[in-house]
K.L.:
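Before I ask anything, let me first share the structure, which is written out below as structure tokens.
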Protein chains: 2
Amino acid sequence: MLKISKKADYALMALQHIASVQFGDVTPGRVVNTKEIAEEYNIPLELLAKVLQVLSKNGLIESHNGPKGGYLLARSARQITIAQIIESIEGPLAITDCSHEKAGEFCMQLEHCNIRTPLLKIQDSIYQLLNNMTLGDMMGGTPLITIQSPSAQGVER
Amino acid sequence: MLKISKKADYALMALQHIASVQFGDVTPGRVVNTKEIAEEYNIPLELLAKVLQVLSKNGLIESHNGPKGGYLLARSARQITIAQIIESIEGPLAITDCSHEKAGEFCMQLEHCNIRTPLLKIQDSIYQLLNNMTLGDMMGGTPLITIQSPSAQGVER
DNA sequence: CTTAGTCCGACCACATTGATCGGAGATCAT
DNA sequence: ATGATCTCCGATCAATGTGGTCGGACTAAG
């Protein structure tokens with residue numbers, strides 16, 4: 001199914017929200033705390049907190065402690081790619097077990113077969129795909145319009 | 001991590017093996033049984049048997065029962081795509097939970113957020129990637145396809 | 001008819017993920 | 001300075017899904 005985890009989902013939602021607040025027209029530069037995001041999107045508070053922890057530890061967002069504290073994007077929304085977000089939560093992208101290890105040590109089945117090379121090629125293509133789309137692209141370029149109009153985006157098929 | 005399951009891995013290995021036997025120079029047209037594949041690649045026999053069951057039920061391979069029986073590709077190696085193989089084992093490609101369901105029914109968090117549309121776009125791109133590569137390509141005959149990136153980018157990495 | 005082989009269902013154990021709880025440290029308001 | 005929030009971070013628990021196994025029924029060759 002090639003599913004991405006719910007934590008990564010939450011991370012994407014949270015970052016998108018922070019970005020739209022920070023660069024929006026209403027209250028630009030405002031910090032956003034965990035509770036606000038959790039209530040807005042019906043995400044379990046503690047789980048979201050942990051996700052945001054990881055994101056800040058990996059340098060995607062900055063945390064400000066104490067009352068009136070919260071989170072801020074560490075850099076521009078166009079400098080944060082989807083790949084960075086997902087890998088920050090789920091670890092390095094690995095489509096198959098023997099992606100990063102030396103095959104032959106851990107993977108007895110792959111020593112005789114040649115599906116490894118094409119799989120790595122596919123993995124690399126997926127990585128490029130995720131690394132070429134940024135948070136800024138996800139927001140549609142313009143400040144938070146949250147409509148889903150199928151005509152707005154030309155989905156190539 | 002976006003990992004594909006081991007079953008799907010086994011399916012790819014098995015199909016690649018069957019294809020190389022069937023269209024190879026040594027014994028073209030020979031049927032291949034489960035045991036042969038399992039021993040060749042160190043795959044648990046029973047598990048591989050179940051994988052091949054599913055593949056045959058989904059019309060990717062033909063099963064011949066009884067002694068001297070085994071499996072045969074149902075069509076040419078160039079007519080079988082990686083996407084078909086993986087989806088045959090793991091079900092339809094769904095990068096996120098609300099890919100095929102109607103959002104708002106199952107997914108309370110996504111009703112307010114706009115990460116759904118870009119995620120579906122990414123999913124579609126991945127599907128194209130997997131559907132443009134065939135078993136024949138995996139056997140090293142032809143160079144691999146070139147990936148096409150989604151519309152918006154321009155990020156240095 | 002016997003036998004070797006495949007087909008097919010149900011079944012179990014482990015790992016990962018999703019989710020929760022409790023406490024410590026830091027900062028702002030009073 | 002003190003208290004009250006709020007973030008930070010560790011450990012912990014439950015559930016879903018995956019990897020792997022077992023036993024029986026059916027089929028075709030000898």
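All values below were derived from every heavy atom in this structure, side-chain atoms included, with hydrogens, water molecules and symmetry-related copies excluded. Please read these numbers as outputs of a predicted model, since none were measured by experiment. A note on names: the letters A, B, ... follow the listed sequences, proteins ahead of strands, and every chain is numbered from 1.
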K.L.:
So which nucleotide from D:dT7, D:dT27, D:dG20 ends up closest to the side chain of A:Ser63?
P.N.:
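Selected nucleotide (nearest to the side chain): D:dT7.
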
K.L.:
In residues 50-58 of chain B, what residues come within less than 4.0 Å of DNA chain C, judged by heavy atoms?
P.N.:
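Correct list: B:Lys50, B:Gln53.
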
K.L.:
Output the rounded distance in Å from CG (A:Asp9) to C1' (C:dT17).
P.N.:
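Roughly 13 Å, once rounded to whole Å.
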
K.L.:
For A:Ile61 and A:Leu15, which heavy atoms make the closest approach, and how far apart are they?
P.N.:
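Between these two residues, the closest heavy atoms are CG2-CD2, 3.4 Å.
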
K.L.:
Any non-hydrogen side-chain atom of B:Gln123 less than 4.5 Å from a side-chain atom of B:Leu119?
P.N.:
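Side-chain contact under 4.5 Å: no.
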
K.L.:
Calculate the interatomic distance between B:Leu47 atom CG and C:dC12 atom C1'; express it in whole Å.
P.N.:
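Atom-to-atom, B:Leu47 to C:dC12, this comes out as 14 Å.
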
K.L.:
Choose from D:dC22, D:dT7, C:dA4 the nucleotide whose nearest atom is closest to any side-chain atom of A:Asn33.
P.N.:
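When the side chain of A:Asn33 is considered, D:dT7 is the closest of D:dC22, D:dT7, C:dA4.
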
K.L.:
Starting at CG of B:Asn65 and ending at P of C:dT3, how long is that distance when rounded to a whole Å?
P.N.:
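Rounded to whole Å, this separation is 18 Å.
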
K.L.:
Whole angstroms only, please: what is the CD1-P distance between A:Ile89 and C:dG18?
P.N.:
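These atoms are roughly 10 Å apart.
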
K.L.:
Distance check needed: D:dC6 P versus A:Glu36 CD, whole Å only.
P.N.:
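That distance rounds to 12 Å.
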
K.L.:
Quick check for you: among C:dC21, D:dG23, C:dG18, whose closest atom lies nearest to any side-chain atom of A:Glu46?
P.N.:
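The listed nucleotide nearest to A:Glu46's side chain is C:dC21.
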
K.L.:
As an exercise, state the distance from CG of A:Leu12 to OG1 of B:Thr96, rounded to the nearest 0.5 Å.
P.N.:
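One gets 9.0 Å once the value is rounded to the nearest 0.5 Å.
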
K.L.:
Taking the nucleotide of DNA chain D with the closest heavy atom to each, which residue, B:Ser5 or A:Val32, is nearer the 5' end?
P.N.:
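Looking at DNA chain D, the more 5' nearest nucleotide goes with A:Val32.
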
K.L.:
Rounded off to whole Å, could you give me the CG-to-P distance for the A:Leu72 and D:dC6 pair?
P.N.:
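Atom CG in A:Leu72 sits about 18 Å away from atom P in D:dC6.
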
K.L.:
What is the distance, to the nearest angstrom, from the OH atom on A:Tyr41 to the C1' atom on C:dG18?
P.N.:
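Value for this atom pair: 21 Å.
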
K.L.:
Has A:Tyr10 got a side-chain N or O lying under 4.0 Å from the OP1 or OP2 atom of C:dA19?
P.N.:
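Checking C:dA19 against A:Tyr10, a side-chain N or O does come within under 4.0 Å of OP1 or OP2.
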
K.L.:
Share the residues that join B:Val31 in a hydrophobic cluster, the rule being Ile, Leu, Val, Met, Phe, Trp or Tyr side chains under 4.5 Å apart at the heavy-atom level.
P.N.:
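Noted: B:Val31 shares its cluster with B:Leu72.
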
K.L.:
Rounded to whole angstrom units, what separation is found between the CD atom of A:Glu90 and the C1' atom of C:dG18?
P.N.:
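Interatomic distance, CD of A:Glu90 to C1' of C:dG18: 13 Å.
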
